[in-house]
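Below: the structure, in structure tokens.
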Amino acid sequence: MQSKYAWKNLDLVNTLFLCLTPLIAVALTWYWLSTESFQWSQLAAAFVFYVFSGISITGGYHRLFAHRTYSAHPIVKLFFLVFGAGAFQNSVYKWATDHRTHHAKVDTDEDPYNIQEGFFYAHIGWVFLKKNSILDPKNARDLEKDALVMWQHKYYIWIAGFSGLILPCLVGGIFFDSYLGGLALGGFVKTVLIHHCTFFINSLCHCVGTTPYTDTNSAKDSWYMALFTFGEGYHNFHHFFQTDYRNGIRWYQFDPTKWLIQALSWVKLATKLKVTPVEKILQARMNMRIHGLKKKKISQDFIQELESLQQKVLANLAAFHEMKRVFKVERKLKNEVILRQIKVKMELAHLEFQFAQRQLQLKLQLLSHVTA
Ligand SMILES: [Zn+2]
Ligand SMILES: [Zn+2]
């Protein structure tokens with residue numbers, strides 16, 4: 001059987017670019033170190049370019065343009081389009097089109113980076129193939145209406161060359177006395193690192209980690225992958241709730257892309273941040289735990305008891321949120337007596353929610369001891 005990586009199937013530009021950039025990065029860095037002296041300032045400048053381009057992919061290409069999880073000021077969009085191009089991962093238009101197909105057809109033959117075809121294919125192999133270089137714009141019509149996106153698509157190669165290679169070279173030469181050092185570290189080394197860290201999202205994030213929200217696809221959550229991917233390691237959550245601007249939903253989960261979007265919203269440069277209702281998140285988590293128990297052949301009565309407790313948790317949480325909503329409305333009317341009553345009802349609803357949730361947790365704990 002002929003390999004899918006046969007010559008006639010290869011996109012030569014992509015293949016050569018991905019194979020040559022690591023070699024050029026090593027050769028240039030070696031030449032720079034053997035002809036000039038190492039400077040920490042060059043490394044720091046390269047790190048800044050790495051962050052600029054990396055976060056433009058996650059915060060811009062991914063969460064802003066591909067998923068529309070928030071709206072951004074044109075200045076922010078321009079920043080993401082210019083520095084995102086410098087990551088050499090194609091224009092937003094092409095990138096977002098592929099990515100939307102990935103979500104819609106995950107784990108099937110139509111998924112451009114289908115993990116079922118193997119780790120290598122999902123990581124980098126798919127970029128080598130001609131069939132994946134074809135632009136299929138049917139699911140990115142909204143992007144066609146965005147003048148900035150189409151400007152970046154039209155001049156992609158020039159913008160990418162400028163922000164990805166020329167600008168780091170100029171900064172290295174003008175501010176830190178070495179054009180070569182700037183080109184080596186801020187240009188090529190940065191590009192290779194961003195490539196593979198982004199590719200990890202398509203490969204490792206579909207292989208290693210946990211499935212707290214859904215097991216209907218291969219996406220996994222892992223805190224350690226979040227460290228290399230500007231917070232995209234919480235991929236199980238992301239595949240289930242793709243319109244949420246966050247990937248790591250808890251405050252302590254490492255998601256610098258989420259923190260950047262939050263910071264931009266404080267200065268009104270990002271608006272309409274989409275957040276999944278907490279009931280939906282809780283329901284998905286509880287469903288997964290009960291689903292796991294069903295596989296262990298637990299008695300039907302016990303499962304029913306857990307499911308009714310789950311309903312109770314969700315109903316109490318909904319009641320609490322309703323009270324919160326009423327409180328906000330009544331606050332404007334400034335009737336102290338009514339406000340105090342609502343506050344008490346709100347506290348009661350919260351306590352009932354916490355009680356039902358604790359009951360469910362203890363039941364699950366009891367069960368894990370029995371089945372251990
Ligand atoms: Zn996505
Ligand atoms: Zn994915």
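Fair warning: this is a prediction, and the values are worked out from it, not measured in the lab.
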Please lay out, stage by stage, how Q42 and S178 fare under the test side chain to side chain contact (heavy atoms under 4.5 Å, CB included).
-> CA-CA 8 Å; Q42 288 285 6; S178 174; 3.5 Å; yes
Is the ring pair [X]/[Y] parallel, tilted or perpendicular, if the boundaries are 30 and 60 degrees?
{"X": "H99", "Y": "H103", "result": "perpendicular"}
{"X": "H196", "Y": "F199", "result": "perpendicular"}
{"X": "H350", "Y": "F320", "result": "tilted"}
{"X": "F200", "Y": "H123", "result": "tilted"}
{"X": "H235", "Y": "H239", "result": "perpendicular"}

ILVMFWY network linking [X] to [Y], side-chain heavy atoms under 4.5 angstrom:
{"X": "F79", "Y": "I57", "value": "yes"}
{"X": "L78", "Y": "F49", "value": "yes"}
{"X": "L18", "Y": "L16", "value": "no"}
{"X": "L135", "Y": "I157", "value": "yes"}
{"X": "W259", "Y": "Y70", "value": "no"}

If you measure only the distance, is there a donor-acceptor pair under 3.5 Å linking the side chains of [X] and [Y]?
{"X": "Q253", "Y": "R250", "result": "no"}
{"X": "S218", "Y": "D107", "result": "yes"}
{"X": "Y93", "Y": "Q152", "result": "no"}
{"X": "T97", "Y": "D136", "result": "no"}
{"X": "H195", "Y": "Q89", "result": "no"}

Is atom [atom1] of [X] surrounded by more than 12 heavy atoms (other residues, nucleotides or ligands) closer than 6.0 Å?
{"X": "W151", "atom1": "CH2", "result": "yes"}
{"X": "R289", "atom1": "CZ", "result": "no"}
{"X": "Q311", "atom1": "CD", "result": "yes"}
{"X": "Q354", "atom1": "CD", "result": "yes"}
{"X": "K4", "atom1": "NZ", "result": "yes"}
{"X": "F47", "atom1": "CZ", "result": "no"}
{"X": "F228", "atom1": "CZ", "result": "no"}
{"X": "K274", "atom1": "NZ", "result": "yes"}

Between [Y] and [X], is there a side-chain heavy-atom distance shorter than 4.5 Å?
{"X": "I290", "Y": "I303", "answer": "yes"}
{"X": "N132", "Y": "L129", "answer": "yes"}
{"X": "R331", "Y": "F327", "answer": "yes"}
{"X": "K105", "Y": "T108", "answer": "yes"}
{"X": "F38", "Y": "L43", "answer": "yes"}
{"X": "D255", "Y": "E232", "answer": "no"}
{"X": "K130", "Y": "N9", "answer": "no"}
{"X": "F52", "Y": "V82", "answer": "no"}

Evaluate the criterion side chain to side chain contact (heavy atoms under 4.5 Å, CB included) for residue pair K220 and H206; output intermediate values, then yes/no.
-> CA-CA 6 Å; K220 307 277 190 292; H206 278 267; 5.9 Å; no
Nearest heavy-atom pair of [X] and [Y]: which atoms, and what distance?
{"X": "V149", "Y": "V92", "result": "CG1-CG1, 4.2 Å"}
{"X": "P137", "Y": "E144", "result": "CB-OE2, 3.7 Å"}
{"X": "W32", "Y": "L185", "result": "CZ3-CD1, 3.7 Å"}
{"X": "G84", "Y": "S56", "result": "N-CB, 3.4 Å"}
{"X": "S163", "Y": "A85", "result": "OG-C, 4.3 Å"}
{"X": "G233", "Y": "C205", "result": "CA-SG, 4.1 Å"}

Give a yes or no answer on whether the side chain of [X] reaches the backbone of [Y] with a donor-acceptor pair at less than 3.5 Å.
{"X": "S203", "Y": "A122", "result": "no"}
{"X": "N247", "Y": "H238", "result": "no"}
{"X": "S53", "Y": "Y50", "result": "no"}
{"X": "T210", "Y": "P212", "result": "no"}
{"X": "K190", "Y": "G164", "result": "yes"}
{"X": "K258", "Y": "G248", "result": "yes"}

Is it the case that R285 places NZ or CZ above or below the six-membered ring of Y213, under 6.0 angstrom from the centre and within 45 degrees of the axis?
-> yes
Q116/Y121 under side chain to side chain donor-acceptor pair (under 3.5 Å): CA gap, chis, key distance, verdict = CA-CA 9 Å; Q116 309 306 326; Y121 180 85; over 6 Å; no
Gap separating the [atom1] atom of [X] from the [atom2] atom of [Y], nearest 0.5 angstrom:
{"X": "E322", "Y": "I342", "atom1": "CD", "atom2": "CD1", "result": "10.5 Å"}
{"X": "E307", "Y": "Q300", "atom1": "CD", "atom2": "CD", "result": "7.5 Å"}
{"X": "I115", "Y": "N217", "atom1": "CD1", "atom2": "CG", "result": "12.0 Å"}
{"X": "L12", "Y": "S133", "atom1": "CG", "atom2": "OG", "result": "10.0 Å"}
{"X": "I201", "Y": "Y113", "atom1": "CD1", "atom2": "OH", "result": "9.0 Å"}
{"X": "F240", "Y": "F237", "atom1": "CZ", "atom2": "CZ", "result": "10.5 Å"}

Looking at residues at least two apart in the chain, or sitting in another chain, which of them share a side-chain contact (heavy atoms from CB on, under 4.5 Å) with K272?
-> S71
Could D142 and R68 be called an ion pair, given the rule that one side-chain N must be under 4.0 Å from one carboxylate O?
-> yes
Hey, do the aromatic rings of W7 and Y5 have their centres closer than 6.0 Å?
-> no
Can the ring centroids of F65 and Y61 be said to lie less than 6.0 angstrom from one another?
-> no
Side chain to side chain contact (heavy atoms under 4.5 Å, CB included) assessment of D244 paired with T69 = CA-CA 6 Å; D244 199 310; T69 65; 5.9 Å; no
Go through the steps for F88 and Y156 under the test side chain to side chain contact (heavy atoms under 4.5 Å, CB included), then give the verdict.
-> CA-CA 9 Å; F88 292 99; Y156 163 71; 4.3 Å; yes
